[in-house]
Each structure stands twice: as structure tokens, then as C-alpha cells.
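A short write-up of the structure that comes next.
Remember, it's 1-based here, ligands and their atoms both numbered in the order they're listed. Because the structure is predicted, anything quoted here is derived from the model rather than measured.
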Amino acid sequence: MQISVIGCGYVGLVTGTCLAELGHSVLCFDSDPAKSEMLRDGRLPIYEPHLDGIFLRNRQEGRLRFAAEAAEVARYGEAIFICVGTPPLENGEADLSAIDHVARLIATEARSPKLVVEKSTVPVRTGQELKRALAVYGRNSNVSFRVASNPEFLREGSGVEDFLHPDRIVVGVEDDQTERQLREIYQPVLDGKFRCPVHESPCPPTAAPVFVVTTIASSELIKHASNSFLALKISYANALADLCERLGANVEEVTRAMGLDPRIGPHFLRAGLGFGGFCFPKDVQAFIRLSERAGMDFRLLKEVEAINNRQIDWFVEKIRRALWVIRDKQIALLGLAFKPHTDDIRFSPAVKLAEHLLAEGARVHAYDPKAMDRARAALPGACFAPDPYAAARQADALVIATEWPEFAALDWARIGQSMARPLILDGRNLLDSKAIRSLGLEYESVGRPAGNSNRLTP
Ligand code: UGA
């Protein structure tokens with residue numbers, strides 16, 4: 001099928017490239033001229049595991065192209081996927097102006113019937129507004145438009161895997177033709193018939209994805225409800241970590257045993273510095289605002305947000321308690337990305353932590369395997385080390401803020417010896433506390449007290 005993708009961020013690029021990998025002819029467009037030029041030159045503006053290989057191959061084989069002009073993309077696809085950003089406004093609501101622009105573009109430039117698919121995370125009723133906007137902006141043309149919602153559940157760092165091996169594909173539709181068209185687009189995924197770039201073949205056996213067909217409003221709500229529930233699980237684990245420290249229990253032991261109950265499940269119960277990234281913080285906030293607009297005070301989610309915001313203050317307090325005075329201390333910071341396997345630092349707890357430490361007068365020497373370039377602009381007061389060992393040299397403390405697996409494999413004895421004080425504060429519970437302490441390092445983590453805890457509440 002001929003498909004257009006508008007917006008080449010993480011979602012748009014993974015979606016467009018994977019749709020090409022499924023055999024469709026895909027034309028993408030991004031309104032940022034620098035990004036657009038990079039993509040037309042065959043360079044990816046983001047790091048995402050496995051994306052580069054299929055990006056290059058599908059470009060070479062002619063299934064994946066990038067348009068220089070917006071009008072081209074509005075005319076090309078039988079289906080047009082909208083993958084533009086919906087960043088938070090001051091009041092926490094989602095800014096839908098990019099979607100409005102795209103609606104105007106499609107309505108005025110399209111010359112044949114289009115299925116317009118919202119892929120961006122949007123509040124409920126955006127589908128209705130989109131339909132209305134297409135009709136208003138396109139009132140002088142006789143092109144017909146159908147609208148669908150098809151939320152993405154991709155995680156950064158495993159976007160390609162999540163696209164090709166999803167648990168479910170959710171489509172919100174208003175007619176059978178739209179359902180059929182979306183089913184046709186995703187048929188190779190539903191049948192497991194594609195060349196998997198992630199696994200050595202064959203892929204590990206997984207259940208076939210469920211194709212869930214709903215109304216547009218339900219589909220839009222499923223996305224917000226899923227992200228907010230996952231955020232809730234994380235905040236629950238973080239609140240438990242607090243309690244564990246106060247009571248001398250170990251949060252990992254507690255959440256592991258909880259997760260063995262299939263009604264609870266083991267995922268998203270990792271305590272740490274809290275959730276970040278461009279999805280959870282803004283989606284929880286947008287869901288709270290959306291509920292308020294609908295006349296409901298979603299206090300449960302307000303608490304999810306409050307617990308998450310407290311995590312950084314609490315961890316800074318932990319650093320302060322360990323160091324007594326933060327000003328002028330040299331602190332090594334391992335990890336800047338909001339989670340491992342990505343270069344994304346948007347709403348990153350690691351960056352927030354660095355900002356707090358810099359504001360208190362610490363000298364921060366940071367290292368991240370992928371996110372350094374992006375972090376340089378965000379943290380002008382920090383020094384950036386070429387590797388973790390250089391970051392740790394002469395430091396008064398070392399903080400782990402992102403759980404990159406390679407940090408676990410460092411020579412921690414060597415790191416300890418090179419530090420002014422071998423103090424490790426592990427904000428992601430990455431290291432084995434016994435093993436680290438046995439090397440003679442001081443070690444603190446989240447919700448895993450060494451003995452009786454005397455946690456301070458900020
Ligand atoms: C999230 C969802 O997982 C995706 O399903 C969704 O499609 C995406 O948002 C989106 O709306 O676009 P993502 O933001 O890429 O994906 O990352 P996650 O892996 O969900 O992690 C989010 C944050 O939660 C990270 O900061 C991570 O460190 C934190 N986290 C995650 C925890 O603190 N504890 C956990 O147990 C799990």
C-alpha cells in the first residue's frame with residue numbers, strides 16, 4: 001500500500017521504516033528542514049536500536065523515501081499516518097497545533113480519498129476534531145476523508161521490536177472499510193510474516209498480536225489509560241521503596257514476589273529516580289487535565305505525579321546526607337538519557353538530578369554512552385567525560401542515574417580506587433549491593449537499605 005507518514009520523530013521514523021519493512025511504499029515528511037535534509041541524505045537523526053539497518057535497506061530498495069515538500073506527502077498515501085509531536089502546554093494539556101496544521105495541509109493538498117490515521121498521543125475527542133477540521137479546511141475540494149485512531153505503544157530503545165512484535169494493535173474506526181484497510185496494513189505483523197531485523201531467525205515464539213477494534217474515542221482513551229497505569233505502577237514501587245527504607249525491608253524482594261502473581265505482573269515495578277521521557281510525564285498530566293475538563297478530579301493520578309516529582313528531591317537529600325555539604329563536591333554522574341538504549345534526554349530524571357546538583361554548587365562530571373551530545377546543550381554547567389572511568393576520577397561521589405547495562409560491567413574496584421571518596425549512590429538499583437560493598441566501596445541505592453534505614457524525608 002502507498003502510505004504517507006507526517007512527523008519523523010521516534011514514533012514517525014520507527015513507524016515509517018517498519019511499514020516499509022512490511023512491504024509498503026512509504027513517503028515520510030518532517031517540517032524541520034535540518035532533520036528533513038539529514039533523512040534525505042540517508043542519515044538518521046536519532047539513535048534507536050536496529051533502526052539504522054532497516055532504514056538503509058528500505059531506502060536502497062526504494063520502499064522508504066523522504067519528501068522535501070509537505071504537499072507531496074499529503075498527496076501520496078492512500079493512508080496518511082500523523083506522527084507529529086503533541087508537547088505539553090503550560091497548563092499540562094496537550095498542544096494540538098501541529099495536528100491542526102497537518103489537517104489543513106491534507107485537506108487543501110490531497111487530490112484523492114484518504115484514510116487519515118492519528119498515531120500521535122492525543123486526548124479523547126481529537127479524532128472528532130480532526131474530522132471536523134478536514135471538512136472545514138477542505139470545504140472547497142470534493143476529496144473524501146476517513147479518520148482512524150491507531151495509538152502506538154512503542155517504547156524508545158525497543159521501538160522496532162515493539163512495532164514488529166506487539167501484544168496488541170488497537171484501531172479506533174467508524175466503518176468497515178477503514179478496519180479492513182488497517183488490517184491489511186498490519187497483516188504481515190498479525191501473521192508474523194516479515195524478515196525480523198531484531199532477532200536471529202527464528203524469532204522467539206510469542207502469541208500473535210490481538211487486533212483490537214474499537215470506537216475512535218475508546219482507542220484514544222486506551223493509550224492515555226495504558227501509559228497512566230504503567231506510571232502508576234512505577235510510582236507505587238517508588239512509594240514502596242520509601243516504606244522499605246523506613247522499615248528495613250528490600251523493595252526488590254517485595255516487588256519480585258508481588259510480580260509473581262499474574263494479576264499484578266512483574267513489569268514496571270522497578271523503583272528508582274522515577275519515570276521520565278517524553279511520554280509518561282506529559283501523558284499523566286494531560287490525562288489529569290482531560291479528566292478535569294470532563295468534570296472528574298482524578299486524584300489518584302495527581303498522587304502518581306507527586307510521588308514521581310518527589311523522587312529527585314529525595315535522592316538529592318540522600319546525596320546531601322552522604323556528603324554533608326554538596327557545594328564544591330565533585331560528583332560523577334553516570335547516565336543522562338531518560339532510560340537506557342536511547343539518546344533521548346527529554347524529561348530525563350538524570351538531567352533533572354544534574355540540574356539540582358549544579359544549582360547546589362556541585363561540580364558534575366557526566367558520562368552517557370549515547371546522550372552526551374544532546375545533554376551538552378541542556379547542562380551548560382556540567383563537564384562531560386569521555387568514559388565512566390574519567391568521570392569517576394577524583395570524585396567525592398558517583399551517582400548512577402540511568403541503568404545502562406554496560407555500567408554494571410565496569411571495573412568497580414578500579415573506579416573505587418580512583419575516587420577521592422569511594423561512595424556510590426545508585427539511583428537505579430543497577431548494581432549488586434553485596435558485591436559492591438565487598439570491594440570496599442560505600443554504597444546506597446533505592447529501597448534496599450544495608451541495615452536499619454534512617455531515611456530522611458525532604
Ligand atoms: C512509554 C510506554 O512504555 C510505551 O508503551 C508508549 O508507547 C510510549 O511511552 C509512548 O507513549 O510513546 P517510553 O517512554 O519509551 O515508553 O519508555 P518506558 O520504557 O515506558 O519508560 C518510561 C520511564 O519509566 C523511564 O524513565 C524509565 O526509566 C521509567 N521506569 C520504567 C521506571 O522507573 N521503572 C520501571 O519499572 C519501568
### Task
Check Phe347 against Phe338 and note the closest heavy-atom contact, atom names and distance.
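That closest heavy-atom pairing would be O-CB, 4.5 Å.
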Looking only at the side chains, is there a donor atom on one of [X] and [Y] sitting less than 3.5 Å from an acceptor on the other?
X	Y	value
Tyr443	Asp426	yes
Tyr186	Asn150	yes
Arg448	Ser433	no

### Message
If the criterion is any heavy atom closer than 4.0 Å to an atom of ligand 1, which residues make the list?
### Response
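The 4.0 Å shell around ligand 1 contains Glu152, Phe153, Leu154, Arg155, Glu156, Lys223, Asn227, Ile234, Phe268, Leu269, Arg270, Gly274, Phe275, Gly276, Cys279, Phe280, Asp283, Phe338, Lys339, Arg428.
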### Query
Salt bridge check: are Arg310 and Glu303 linked by an N-O gap of less than 4.0 Å?
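The answer is yes: the pair qualifies as a salt bridge.
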### Query
Do NZ/NE/NH1/NH2 and the carboxylate oxygens of Arg246 and Asp242 come within less than 4.0 Å?
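Counted as a salt bridge, because a side-chain N and a carboxylate O are separated by less than 4.0 Å.
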